[in-house]
Amino acid sequence: HADTASTLWREVLSLQDDYADAHYNLAQLSVQQGDHERAIEQYNRARRERPRNVSLLNNLAVAHRAVGHADTASTLWREVLSLQDDHADAHYNLGTALYLDGESARALPHLRRAVELAPDSAKYHSNAAAAHQAAGLPLQAVAFWQSAFRVDPSYVDAHFNMAFTFQYDLGDPESALRHWEMARELTPADADVIMHGAQALL
(Lines give C-alpha, C1' and ligand atoms only; values in the text may rest on other atoms or scores of the structure.)
Protein backbone atom coordinates (compact mmCIF):
# COMPACT_ATOMS: atom_id res chain seq x y z
CA HIS A 1 0.00 0.00 0.00
CA ALA A 2 3.03 2.27 -0.42
CA ASP A 3 1.49 4.19 -3.31
CA THR A 4 -1.67 4.90 -1.34
CA ALA A 5 0.32 6.06 1.67
CA SER A 6 2.49 8.27 -0.53
CA THR A 7 -0.61 9.87 -2.07
CA LEU A 8 -2.06 10.58 1.37
CA TRP A 9 1.17 12.10 2.69
CA ARG A 10 1.35 14.34 -0.37
CA GLU A 11 -2.25 15.36 0.25
CA VAL A 12 -1.25 16.33 3.79
CA LEU A 13 1.56 18.49 2.37
CA SER A 14 -0.80 20.16 -0.07
CA LEU A 15 -2.74 21.28 3.01
CA GLN A 16 0.25 22.03 5.24
CA ASP A 17 3.62 22.16 3.49
CA ASP A 18 5.66 22.26 6.71
CA TYR A 19 4.21 19.05 8.16
CA ALA A 20 7.43 17.38 9.27
CA ASP A 21 6.03 13.87 9.73
CA ALA A 22 4.75 13.76 6.17
CA HIS A 23 8.12 14.84 4.75
CA TYR A 24 9.88 12.31 6.99
CA ASN A 25 7.60 9.45 5.97
CA LEU A 26 8.04 10.27 2.29
CA ALA A 27 11.80 10.29 2.82
CA GLN A 28 11.65 6.85 4.43
CA LEU A 29 9.61 5.59 1.48
CA SER A 30 12.13 7.06 -0.97
CA VAL A 31 14.91 5.17 0.84
CA GLN A 32 12.95 1.92 0.53
CA GLN A 33 12.63 2.62 -3.19
CA GLY A 34 16.36 3.31 -3.54
CA ASP A 35 15.96 7.01 -4.33
CA HIS A 36 18.39 8.48 -1.82
CA GLU A 37 18.68 11.86 -3.56
CA ARG A 38 14.93 12.34 -3.22
CA ALA A 39 15.11 11.14 0.37
CA ILE A 40 17.73 13.77 1.19
CA GLU A 41 15.47 16.51 -0.14
CA GLN A 42 12.54 15.25 1.93
CA TYR A 43 14.58 14.72 5.10
CA ASN A 44 15.89 18.27 4.79
CA ARG A 45 12.35 19.62 4.57
CA ALA A 46 11.44 17.74 7.74
CA ARG A 47 14.66 18.99 9.34
CA ARG A 48 13.56 22.61 9.00
CA GLU A 49 10.85 21.89 11.54
CA ARG A 50 12.84 19.42 13.66
CA PRO A 51 16.51 20.45 13.47
CA ARG A 52 17.51 18.49 16.59
CA ASN A 53 15.67 15.23 15.88
CA VAL A 54 18.42 12.62 16.18
CA SER A 55 16.61 9.85 14.28
CA LEU A 56 16.00 12.21 11.38
CA LEU A 57 19.63 13.39 11.36
CA ASN A 58 20.93 9.81 11.52
CA ASN A 59 18.76 8.75 8.58
CA LEU A 60 19.73 11.85 6.63
CA ALA A 61 23.38 10.91 7.17
CA VAL A 62 22.73 7.37 5.90
CA ALA A 63 21.14 8.79 2.75
CA HIS A 64 24.10 11.12 2.17
CA ARG A 65 26.50 8.22 2.61
CA ALA A 66 24.51 6.18 0.08
CA VAL A 67 25.06 8.81 -2.63
CA GLY A 68 28.76 9.28 -1.84
CA HIS A 69 28.60 12.35 0.41
CA ALA A 70 30.94 10.82 2.98
CA ASP A 71 32.02 14.05 4.68
CA THR A 72 28.45 15.32 5.02
CA ALA A 73 27.35 11.99 6.47
CA SER A 74 30.14 11.98 9.04
CA THR A 75 29.37 15.57 10.05
CA LEU A 76 25.72 14.66 10.58
CA TRP A 77 26.55 11.57 12.68
CA ARG A 78 28.83 13.69 14.84
CA GLU A 79 26.00 16.19 15.21
CA VAL A 80 23.73 13.36 16.38
CA LEU A 81 26.31 12.30 18.96
CA SER A 82 26.71 15.88 20.17
CA LEU A 83 22.97 15.85 20.87
CA GLN A 84 22.74 12.29 22.18
CA ASP A 85 26.00 10.54 23.02
CA ASP A 86 24.28 7.20 23.59
CA HIS A 87 22.74 6.94 20.11
CA ALA A 88 23.80 3.40 19.16
CA ASP A 89 23.00 3.65 15.46
CA ALA A 90 25.01 6.85 15.03
CA HIS A 91 28.05 5.29 16.73
CA TYR A 92 27.66 2.17 14.58
CA ASN A 93 27.16 4.08 11.35
CA LEU A 94 30.03 6.50 11.95
CA GLY A 95 32.34 3.68 13.07
CA THR A 96 31.44 1.55 10.07
CA ALA A 97 31.98 4.46 7.69
CA LEU A 98 35.42 5.16 9.18
CA TYR A 99 36.32 1.46 8.92
CA LEU A 100 35.20 1.28 5.29
CA ASP A 101 37.20 4.43 4.53
CA GLY A 102 40.38 2.80 5.86
CA GLU A 103 40.41 4.56 9.23
CA SER A 104 40.01 1.50 11.41
CA ALA A 105 41.77 2.92 14.46
CA ARG A 106 39.36 5.89 14.54
CA ALA A 107 36.44 3.55 14.00
CA LEU A 108 37.12 1.38 17.05
CA PRO A 109 35.80 3.66 19.83
CA HIS A 110 32.52 4.17 17.99
CA LEU A 111 32.01 0.50 17.21
CA ARG A 112 32.89 -0.55 20.76
CA ARG A 113 30.41 2.01 22.08
CA ALA A 114 27.73 0.74 19.69
CA VAL A 115 28.22 -2.79 21.04
CA GLU A 116 27.95 -1.52 24.62
CA LEU A 117 24.71 0.28 23.80
CA ALA A 118 23.16 -2.50 21.71
CA PRO A 119 24.67 -5.80 22.92
CA ASP A 120 21.95 -7.87 21.25
CA SER A 121 22.98 -6.87 17.72
CA ALA A 122 25.14 -9.53 16.07
CA LYS A 123 25.81 -7.08 13.23
CA TYR A 124 27.32 -4.57 15.66
CA HIS A 125 29.60 -7.21 17.20
CA SER A 126 30.66 -8.47 13.77
CA ASN A 127 31.52 -5.04 12.37
CA ALA A 128 33.46 -4.20 15.53
CA ALA A 129 35.38 -7.43 15.01
CA ALA A 130 36.12 -6.61 11.37
CA ALA A 131 37.46 -3.18 12.31
CA HIS A 132 39.72 -4.67 14.98
CA GLN A 133 41.01 -7.20 12.46
CA ALA A 134 41.71 -4.42 9.96
CA ALA A 135 43.49 -2.43 12.68
CA GLY A 136 45.88 -5.34 13.28
CA LEU A 137 44.19 -6.59 16.45
CA PRO A 138 43.13 -10.16 15.50
CA LEU A 139 42.68 -11.47 19.05
CA GLN A 140 40.28 -8.65 19.90
CA ALA A 141 38.51 -9.35 16.61
CA VAL A 142 38.05 -12.99 17.58
CA ALA A 143 36.55 -11.94 20.90
CA PHE A 144 33.98 -9.73 19.15
CA TRP A 145 33.07 -12.48 16.67
CA GLN A 146 32.62 -14.88 19.57
CA SER A 147 30.21 -12.40 21.16
CA ALA A 148 28.40 -12.14 17.81
CA PHE A 149 27.87 -15.92 17.90
CA ARG A 150 26.38 -15.66 21.38
CA VAL A 151 23.75 -13.37 19.89
CA ASP A 152 23.29 -15.31 16.64
CA PRO A 153 25.12 -18.65 16.22
CA SER A 154 24.25 -18.74 12.51
CA TYR A 155 25.65 -15.31 11.59
CA VAL A 156 27.45 -16.45 8.45
CA ASP A 157 29.62 -13.35 7.89
CA ALA A 158 31.05 -13.79 11.37
CA HIS A 159 31.89 -17.45 10.68
CA PHE A 160 33.60 -16.50 7.42
CA ASN A 161 35.64 -13.70 8.94
CA MET A 162 36.49 -15.64 12.10
CA ALA A 163 37.78 -18.50 9.95
CA PHE A 164 39.78 -16.10 7.80
CA THR A 165 41.35 -14.47 10.85
CA PHE A 166 42.26 -17.78 12.48
CA GLN A 167 43.75 -19.12 9.25
CA TYR A 168 45.66 -16.16 7.89
CA ASP A 169 46.26 -13.79 10.82
CA LEU A 170 46.74 -16.23 13.68
CA GLY A 171 48.09 -19.25 11.78
CA ASP A 172 45.55 -21.63 13.30
CA PRO A 173 43.92 -23.57 10.42
CA GLU A 174 42.46 -26.14 12.79
CA SER A 175 40.35 -23.53 14.57
CA ALA A 176 39.58 -21.93 11.21
CA LEU A 177 38.26 -25.19 9.80
CA ARG A 178 35.38 -25.36 12.29
CA HIS A 179 34.14 -22.00 11.10
CA TRP A 180 34.67 -22.79 7.40
CA GLU A 181 32.54 -25.88 7.94
CA MET A 182 29.82 -23.86 9.63
CA ALA A 183 29.97 -21.22 6.89
CA ARG A 184 29.66 -23.94 4.25
CA GLU A 185 26.68 -25.45 6.03
CA LEU A 186 25.00 -22.04 5.99
CA THR A 187 26.05 -21.10 2.42
CA PRO A 188 26.77 -24.37 0.59
CA ALA A 189 27.24 -22.69 -2.82
CA ASP A 190 29.85 -20.12 -1.73
CA ALA A 191 32.99 -20.90 -3.72
CA ASP A 192 35.24 -18.79 -1.47
CA VAL A 193 34.15 -20.75 1.60
CA ILE A 194 34.90 -24.06 -0.12
CA MET A 195 38.29 -22.84 -1.42
CA HIS A 196 39.51 -21.48 1.92
CA GLY A 197 38.15 -24.51 3.77
CA ALA A 198 40.12 -26.80 1.49
CA GLN A 199 43.24 -24.71 2.11
CA ALA A 200 42.75 -25.14 5.86
CA LEU A 201 42.89 -28.93 5.42
CA LEU A 202 46.41 -28.82 3.98
Side-chain angles (χ1 to χ4, degrees), residues 2 5-6 8-10 12-137 140-141 144 147-148 151 157-158:
S6 176
L8 291 170
W9 290 324
R10 293 184 189 284
V12 169
L13 293 174
S14 72
L15 298 169
Q16 184 178 332
D17 185 56
D18 61 353
Y19 204 117
D21 283 349
H23 285 299
Y24 181 84
N25 290 336
L26 284 168
Q28 295 286 82
L29 183 58
S30 292
V31 169
Q32 292 174 21
Q33 296 170 338
D35 190 348
H36 297 283
E37 293 281 6
R38 180 64 175 158
I40 289 169
E41 179 184 341
Q42 291 158 331
Y43 281 134
N44 277 327
R45 289 185 180 181
R47 186 184 181 189
R48 292 172 195 162
E49 305 304 316
R50 298 183 180 176
R52 297 171 63 84
N53 184 296
V54 291
S55 294
L56 192 161
L57 293 172
N58 177 64
N59 289 342
L60 175 59
V62 172
H64 273 291
R65 179 78 187 186
V67 298
H69 303 161
D71 290 344
T72 300
S74 293
T75 297
L76 285 165
W77 283 318
R78 293 185 190 283
E79 183 176 349
V80 171
L81 294 173
S82 73
L83 295 168
Q84 183 181 328
D85 182 56
D86 62 351
H87 197 287
D89 284 349
H91 279 294
Y92 171 79
N93 289 328
L94 178 57
T96 298
L98 289 167
Y99 157 61
L100 292 173
D101 291 342
E103 298 186 66
S104 297
R106 292 180 60 203
L108 298 184
H110 293 289
L111 291 169
R112 290 171 184 155
R113 181 67 172 143
V115 169
E116 290 175 6
L117 294 167
D120 292 333
S121 172
K123 178 177 70 173
Y124 282 17
H125 289 274
S126 189
N127 274 32
H132 281 79
Q133 191 270 343
L137 301 168
Q140 290 91 326
F144 275 104
S147 62
V151 177
D157 286 351

What is the distance from atom [atom1] of [X] to atom [atom2] of [Y], rounded to the nearest 0.5 Å?
X   : Y   : atom1 : atom2 : result
S74 : L98 : OG    : CG    : 6.0 Å
Y99 : L94 : OH    : CG    : 15.0 Å
H69 : I40 : NE2   : CD1   : 5.5 Å
H91 : H87 : NE2   : NE2   : 9.5 Å
E37 : H64 : CD    : NE2   : 8.5 Å

With heavy-atom distances below 4.5 Å as the criterion, would you say the side chains of [X] and [Y] are in contact?
X    : Y    : result
R65  : V62  : no
H110 : L81  : yes
L76  : R47  : yes
Y43  : V31  : yes
R52  : L57  : no
N58  : N93  : yes
D85  : R113 : yes
Y24  : R50  : no

Contact summary for [X] and [Y], nearest pair of heavy atoms:
X    : Y    : answer
V151 : A122 : CG1-N, 3.7 Å
A88  : A118 : CB-CB, 4.2 Å
A131 : S104 : O-CB, 3.7 Å
L56  : A46  : CD1-CB, 3.5 Å
S30  : Q42  : OG-OE1, 2.8 Å
A141 : Q133 : CB-N, 3.7 Å

Is the Y92 ring parallel, tilted or perpendicular to the Y124 ring (thresholds 30°, 60°)?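 It falls in the parallel class, under 30°.
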K123 backbone acceptor or donor facing S126 side chain under 3.5 Å: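 Answer holds: no.
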Electrostatic pair E41:R45 at N-O distance under 4.0 angstrom: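 Result for this pair is yes, salt bridge flagged.
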Donor-acceptor pair between Q84 and D86 side chains, under 3.5 angstrom: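 Indeed, the side chains of Q84 and D86 share at least one donor-acceptor pair under 3.5 Å.
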Start with the C-alpha distance between D18 and R48, add both sets of side-chain angles, then the distance that settles side chain to side chain contact (heavy atoms under 4.5 Å, CB included), and finish with yes or no. CA-CA 8 Å; D18 61 353; R48 292 172 195 162; over 6 Å; no
Does the side chain to side chain donor-acceptor pair (under 3.5 Å) test come out yes or no for N127 and T96, once each step is laid out? CA-CA 7 Å; N127 274 32; T96 298; 3.2 Å; yes
